[in-house]
Amino acid sequence: MTRRIPDKPALEGLEEKWDAHWETEGTYRFDPSKTREEIYSIDTPPPTVSGSLHMGSVFGYVQTDAHARYRRMSGKEVFYPMGWDDNGLPTERRVQNFYGVRCDPSLPYDPDFRPPDTPADPPISISRKNFIELCHGLTKEDEKVFENLWRVIGLSVDWTQTYATIDTHSQRTSQKAFLNNLARGEAYSQDAPVLWDVDFQTAVAQAELEDRERPGAYHRVAFHGPYGPVYVETTRPELICSCVALVAHPDDERYQPLFGTTVTTPLFGVEVPVLAHPLADPEKGTGIAMICTFGDTTDVTWWRELDLPTRAVIQPDGRLQEAIPEWLTGDGARVYSEIAGLFPNQARRRMAELLAESGDLDGEPRQITHQVKFYEKGERPLEIITSRQWYIRNGGRDEALRKELLERGEELRWVPDFMRIRYRHWVEGLTGDWLISRQRFFGVAIPLWYPIGDDGAVDYEHPIVPGDDQLPIDPSSETPDGYDESQRGEPGGFMGDPDIMDTWATSSLTPQIVGHWVDDPDFFARVFPMDLRPQGPEIIRTWLFATTLRSHFEHGTLPWHTATINGWILDPDRKKMSKSVGNVVTPMPLIEEYGPEAVRYWACNARPGVDTAVDFGVMKIGRRLAIKILNASRFALGFTEDDVPSEAITEPLDRSMLAGLAGTVAAATEAFEDYDYARALELAERSFWDWTDDFVELVKTRAYDGGEPGRSAHAALQLALSVYLRLFAPFLPFVTEEVWSWWREGSVHRATWPQVGEFEGVTGDPAILEAVSAVLGEVRRAKSDAKASMRLEVDLVEVTADEEQVELIQMAESDLMAAARARAVEYRLGEFGVTSHLADTADA
RNA sequence: GGGCCGUUAGCUCAGUCCGGUAGAGCGCUCGCCUCACACGCGAGAGGUCGCUGGUUCAAGUCCAGCACGGCCCACCA
């Protein structure tokens, strides 16, 4: 095709132009008719759309996109869908804050409800259905913002293959997988103590915990024993009313006489046994601890292993129950009335006063800071309450399964490799099964009903299971087969499970969701097990582990062959970015200032898995590279209207350059195969700058002069440019596509990745260019030292070199003389050195 | 308490797998409007490779220990 080269090529506007073009051309459209061997499938992380956009979002996705583009150019049909994680608590919270509303499931649906323009204060209570409608509406808006960012930044996803973790297809997949887990005994429900967030009023899973440092105080409290007071140091005196036993280490000589006896609790006078358990730490506090139901997870362990009674007072809302507990009588009941209905921190202060008054508090409470468990999205410490919840087995209570899952972790290819250790430690440290039920609203419902006996008791052990063709279902509004809606909640009738599933219970199925496991087995077989799971390091314990678990149960395989784990993004001062610190850098302003290619360059410049600071300097370099590509391309393509055949490449210098470039192609390809996009970029970049600085300067005169030697240069420039554009295409998709369009049909992103074979018959000795460049460099130095223009003529260049070097330089002598503006070159044998006799300058 | 990653020029980072004369870019200094590019080109200065030992003819690179930073995990009496 005839070349069309703009006079003043520029980067501005390229992203809009090419995004629109790729969309209409279907450049990244997935062809599902290809076979599994021809397909490269990527299990893209669905971003949390209700979260904010930040540089971390861009960072990992761009790195993955570069790899996807490499695979596509390498001949693979790339399956690269995009999803949105809109399901779950982050969306609920955003909707609550955005509109000023709260969900009250007891309210009826109001079909005419419209949210206020500004957040209502105090919040308006609305029905569950109204609330969910708002969630759907707002996530749609958020998804548009994300899609726009991904398009501007040039992700080569197939926009016809999008999904949302709350959409009907995802719900169906999630419910089907859960029911399969249930049928195989991998999912079960039980009534047991769970970690509970009192603000969100939901159970939370081990993977969602985080420890935070909080101030506390040791209260040294006297229990009354047969041989006098027994002192216990506790940070939670408000739970003395829940005390069921004291416990010390079996080998602790101080407490040996007490084992088997009973003591009475201070103020409440409840008689509790003194027991021995190896988990009790003689070094902590006084070495003897009170067991309450429940103050912490150790209490749960003791309670279970020592078979203790349950005396719980903490309610789901976090307060101590109003009613006097049945095990408290007389004075105990009167004391309890002092703390009934309070929050734990209020009750704690009151108890300290009461204990001090009664003389049971020894000394003043001693202030400490200690680690307290929080829900990672929560604001108040977790409590432990007993409730019925659904679990999926994960090896936390089953050594055989744990071993299988550890083996899956070893089987997986990790990039970088050390990330596998995080998985291993997580699986080794699991202490219980995965709690998947949540007492929330915006999520995938647990697809079960329960029969209610004639006595009104709910039979949780024999859930009513929907048929596959009914999925997805909402058991709170749909009726199971064989029942009538009027029987809901009635004796002899049924009830729907009111809970939803943990968001990870759905997003752990992204391979099954995008692969259409539930509705298109043929499609699924073409993409699964998938090739690549790219993700962040912080969700190895959640998303990566849970996806591995579900695939292990459902398919008996790993869900993917390789997992690439990107690094953390730090702010420009190398601090972790966080909203509370206020140092979050958002991508859009940077993209507008430096251009998308610059931001992509920054992301791809970071090594796989390495924590990386936002660096405007690196972005500037990326922008400079993109501009250089435009200008160098204009030069390389400016000599002829049409392509010059490769046979014209006869000059030794041209063949030398191409030999070096062939080496770069081989090395860059190897780096990409190793998932080291950053190395591939570095190789291409270093080669390209050398090319423009030395080779282009050396052949410039010959290229302008024309003739056979000129045609050799034209053909060599053209071939090299074609290779460079393709080497850079994964990183700088817009500028490479722009230049490609000047002289090539079709998209560079569907062009073939450069092959070493393309250089067959046009390569020479790579040492020629190196030798000539070395001499040219010395002449430039001489001119610089003389503070002269590079245009200054040189009367004579005296080159001292060994015989072999001299021969190499002579192969491109005329190019060297033209580039150096030398009238003559002389050679002598010896240690390499160059003496340049500069022409007299006019004023010197 | 356990673990993982990092510590190389003023800054941001390569180089460590496979030991052999310290690299890039930015910034800085000095030049150059050279017909692809002044959003450019050329040149230069700048580092006892966190610390202490060890192995070796030779250590930024291998081994041991330590310090500092970041992250993950751990039963919060």
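By convention in this document, chain letters (A, B, ...) are assigned in the order of the sequence lines, proteins followed by strands, and residues within each chain are numbered from 1.
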Could you identify the nucleotide paired to [N], looking across every strand shown and requiring Watson-Crick or G-U wobble geometry with both distances under 3.5 Å?
| N | result |
| --- | --- |
| B/rC71 | B/rG3 |
| B/rC13 | B/rG23 |
| B/rG44 | B/rC28 |
| B/rC76 | none |
| B/rG65 | B/rC51 |
| B/rC18 | none |

Taking atom [atom1] in both [N] and [M], what distance in whole Å separates the two?
| N | M | atom1 | answer |
| --- | --- | --- | --- |
| B/rG15 | B/rA59 | C1' | 14 Å |
| B/rC75 | B/rC4 | C1' | 23 Å |
| B/rC66 | B/rA74 | P | 24 Å |
| B/rC33 | B/rU16 | P | 42 Å |
| B/rC62 | B/rG2 | P | 24 Å |
| B/rU61 | B/rG54 | C1' | 15 Å |
| B/rA22 | B/rG50 | P | 15 Å |
| B/rG60 | B/rU21 | C1' | 14 Å |

Nearest to the side chain of [X], heavy atoms from C-beta on, is which of [options]?
| X | options | value |
| --- | --- | --- |
| A/R607 | B/rA77, B/rA14, B/rA43 | B/rA14 |
| A/S784 | B/rC41, B/rA43, B/rC76 | B/rA43 |
| A/I627 | B/rC39, B/rA43, B/rC37 | B/rC39 |
| A/E697 | B/rC75, B/rA77, B/rC37 | B/rC37 |
| A/D693 | B/rA14, B/rG3, B/rC41 | B/rC41 |
| A/R541 | B/rG40, B/rG44, B/rC72 | B/rC72 |
| A/V610 | B/rC26, B/rA14, B/rC71 | B/rA14 |
| A/I368 | B/rC75, B/rA77, B/rA14 | B/rA77 |
| A/I621 | B/rU12, B/rG25, B/rC71 | B/rG25 |

Give me the ring orientation class for A/W691 and A/Y724: parallel if the planes are under 30° apart, tilted from 30 to 60°, perpendicular past 60°.
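Answer is tilted, since the angle falls between 30° and 60°.
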
Please state whether the rings of A/H714 and A/F639 are parallel, tilted or perpendicular, taking 30° and 60° as the class boundaries.
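Ring orientation of A/H714 relative to A/F639: parallel.
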
Give a yes/no on whether any side-chain N or O of [X] is located under 4.0 angstrom from OP1 or OP2 of [N].
| X | N | answer |
| --- | --- | --- |
| A/K284 | B/rC76 | yes |
| A/R624 | B/rC26 | yes |
| A/T235 | B/rA77 | yes |
| A/Q206 | B/rA74 | yes |
| A/K787 | B/rG42 | no |
| A/H425 | B/rA74 | no |

Please classify the nucleic acid contact of [X] as base, sugar-phosphate, or nothing, using heavy-atom distances under 4.0 Å.
| X | value |
| --- | --- |
| A/R821 | base |
| A/G609 | nothing |
| A/E12 | nothing |
| A/W602 | nothing |
| A/A280 | base |
| A/K620 | nothing |
| A/T692 | base |
| A/V696 | base |

Nearest whole angstrom, please: distance from the [atom2] of [N] to the [atom1] of [X].
| X | N | atom1 | atom2 | result |
| --- | --- | --- | --- | --- |
| A/W302 | B/rC76 | CH2 | C1' | 11 Å |
| A/N605 | B/rU12 | CG | P | 14 Å |
| A/F688 | B/rA24 | CZ | P | 19 Å |
| A/Y423 | B/rC73 | OH | P | 16 Å |
| A/D690 | B/rG25 | CG | P | 10 Å |
| A/E685 | B/rG23 | CD | C1' | 14 Å |
| A/E670 | B/rC18 | CD | C1' | 13 Å |
| A/Y601 | B/rU12 | OH | C1' | 11 Å |

Under 6.0 Å from the ring centre and within 45 degrees of the ring axis: does the NZ or CZ of A/K700 meet both conditions for the six-membered ring of A/F635?
yes

Regarding A/R220 and the six-membered ring of A/Y231, is the cationic atom NZ or CZ under 6.0 Å from the ring centre and inside 45° of its axis?
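So A/R220 does make the cation-pi contact.
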
A/R3, CZ: over 12 other non-hydrogen atoms inside 6.0 angstrom:
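Yes, because the 6.0 Å sphere around CZ of A/R3 holds more than 12 heavy atoms from other groups.
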
Surrounding CD of A/E670 (heavy atoms of other residues, nucleotides or ligands, distance under 6.0 Å), is the total greater than 12?
no

Side-chain donor or acceptor of A/R541 paired with backbone N/O of A/A207 under 3.5 Å
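Yes; at least one donor-acceptor contact below 3.5 Å.
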
Check: A/R254 side chain, A/P282 main-chain N or O, donor-acceptor pair, under 3.5 Å:
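At least one qualifying donor-acceptor pair exists.
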
Could you report the tightest heavy-atom contact between A/A606 and A/T612, atom names first, then the distance?
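The pair with the smallest heavy-atom distance is CB-OG1, 3.2 Å.
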
Return whichever of A/D615 or A/G285 has its heavy-atom-nearest nucleotide of RNA chain B closer to the 5' end.
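Its nearest nucleotide being more 5', the pick is A/D615.
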
By nearest-nucleotide position on RNA chain B, the 5'-leaning member of A/E233 and A/E538 is A/E538

I'd like to know if A/E379 pairs up with A/R212 as an ion pair, taking the criterion as any Lys NZ or Arg NE/NH1/NH2 lying under 4.0 Å from an Asp or Glu carboxylate oxygen.
no

When you measure only distances, ignoring hydrogens and angles, does the side chain of A/K628 come within 3.5 Å of the base of B/rC37 through a donor and an acceptor?
yes

